[in-house]
Amino acid sequence: MSVRFAPSPTGSMHIGNLRTAIFNWLYSKKYNIPFYIRIEDTDLSRSSKVYEEEIFNILNIIGLDYNLFNNIIVRQSDRFHIYVNIAQQLVHDQFAYYCICNSSYNKDNINFQKIKCDCRTLNYTSGAIRFKTPINKIITFNDLVYGTIETNTNEIEDFVLLRSDNIPTYMLCVVVDDNWMNITTIIRGDDHKTNTPKQILLYEALRYNIPQFAHLPMILGDDGKKLSKRKANGSVMDLLNNGYVPSSIFNYLLKLGFGYKNEEIISKDRAIEIFNIKHINKAPCIFNENKLQFLSKHYLKTESIHENIIKNMITKYLEINHIGYYSNNITVYWDILWKELIMRLSTYNDLYHLISFLTNPGLVLFTYDKNVVKDMYDFISNN
Ligand code: GLU
């Protein structure tokens, strides 16, 4: 038994992805099973190592430890030959066929009959490989969050498994790898809910055991619209760069879509204790930065690590700004200063405005410096 987090490194990590990672991590801790990471980089032109590094960096900062499957970082781009073989095997077994059409079969634009491609009966020997979706079959699965979901295969197109340039698609790779890695429960965003019946068809064709599925409700912005990767407030890195304390991000994302009694402040240990998929809500949830700020303030005050980090940050700042007197004597006045600061801080970034009086009363001399924030996260990662 195991769970996995399978991000695509095609952009800066979105809070929805981090929430998926958090729920998988909790599931693995709760049931004491491995939590694997798999990098889904089949889209070669959009995937980047920079985003991949960011994913691992964020997991470290938020404190989500993971297991390496077979002691390696699994990247789908390293496994193309395996997916190609399996796609060809599916053609051989008559579950799939070669298709020479370039058009994508978009079920919104054309009627049901048309979404089954004409090439399915023409026995081509090259081209893209499409799955031969059965006609008029009901696919049922029991989603651990949404309950029973039924789909008639007449609504499912003959989806592509291998493109004509020999690049496998997400739909094929995800099934092959989840089976290979013995993933028994798949927890992911509900944008993948409609992919599940297709994947079940593939599981059946390949005679793999079908895992359990749990889809997490969508996160909406306070305008009620979907948060997109491109929007600043959907990026985890932006939240970190804005100085939110990592535990507050964990707590906040856990609470987005998860309710247990009326508990608002939930530490990692407490989360593991109370975690149960049945406490995940179905309704979409609204991202609200004020709540995150409230939690960040709470954790700044209550986690002792922050006092040291902030003391280091201030000392370093004073040194950089050649304010030797204060930096040499910070321990003398630290207790008083800390008491004053902690009343006023919600995020690390609030610090810059508050400590300006140390250099020149009334003047904000410290310009915003992202490197200092980065130092803080390095400090957390290394301690
Ligand atoms: N790579 C997919 C994504 O980032 C996740 C696929 C899955 O969890 O099945 O959305």
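For ligands, and for the atoms within them, numbers begin at 1 and follow the listed sequence. The figures here come from the full heavy-atom set of this structure, side chains too, leaving out hydrogens, waters and symmetry mates.
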Report task. Sort out the contact shell of ligand 1: every protein residue with a heavy-atom distance below 4.0 Å, listed by chain and number. Result ->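 For ligand 1, the residues that come within the 4.0 Å heavy-atom cutoff are Arg4, Ala6, Pro7, Ser8, Glu40, Tyr170, Val174, Arg188, His192.
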Query raised in the report: Pick one: which of Tyr66, Phe5, Tyr51 meets ring pair (Phe, Tyr, Trp, His ring centres under 6.0 Å) with Phe56?
Result: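 Result: among Tyr66, Phe5, Tyr51, Tyr66 is the only option passing the ring pair (Phe, Tyr, Trp, His ring centres under 6.0 Å) with Phe56.
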Query raised in the report: Does a side-chain heavy-atom distance below 4.5 Å link Leu254 with Phe23?
Result: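 Side-chain contact under 4.5 Å: yes.
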**Report entry** Contact summary for Cys117 and Asp158, nearest pair of heavy atoms
**Finding:** N-OD2, 3.3 Å
Requested in this report: Could I get the full list of side-chain contact (heavy atoms from CB on, under 4.5 Å) partners for Asp78, not counting sequence neighbours?
Outcome: Arg75
Query - Any pair counted as side chain to side chain donor-acceptor pair (under 3.5 Å), so long as it reaches residues 174-189, sequence neighbours left out - result: Arg4-Asp178, Tyr27-Thr185, Arg38-Asp178, Gln76-Asp177, Arg79-Asp177, Tyr83-Asp177, Tyr170-Arg188, Thr185-Gln212, Arg188-Thr196, Arg188-Gln199, Arg188-His215
Pairs of donor and acceptor atoms involving the side chains of residues 255-265, under 3.5 Å and at least two apart or interchain, shall be tabulated with distances.
residue : atom : partner : partner atom : Å
Lys255  : NZ   : Glu263  : O            : 3.0
Glu263  : OE1  : Arg270  : NE           : 3.0
Glu263  : OE2  : Arg270  : NH2          : 2.6

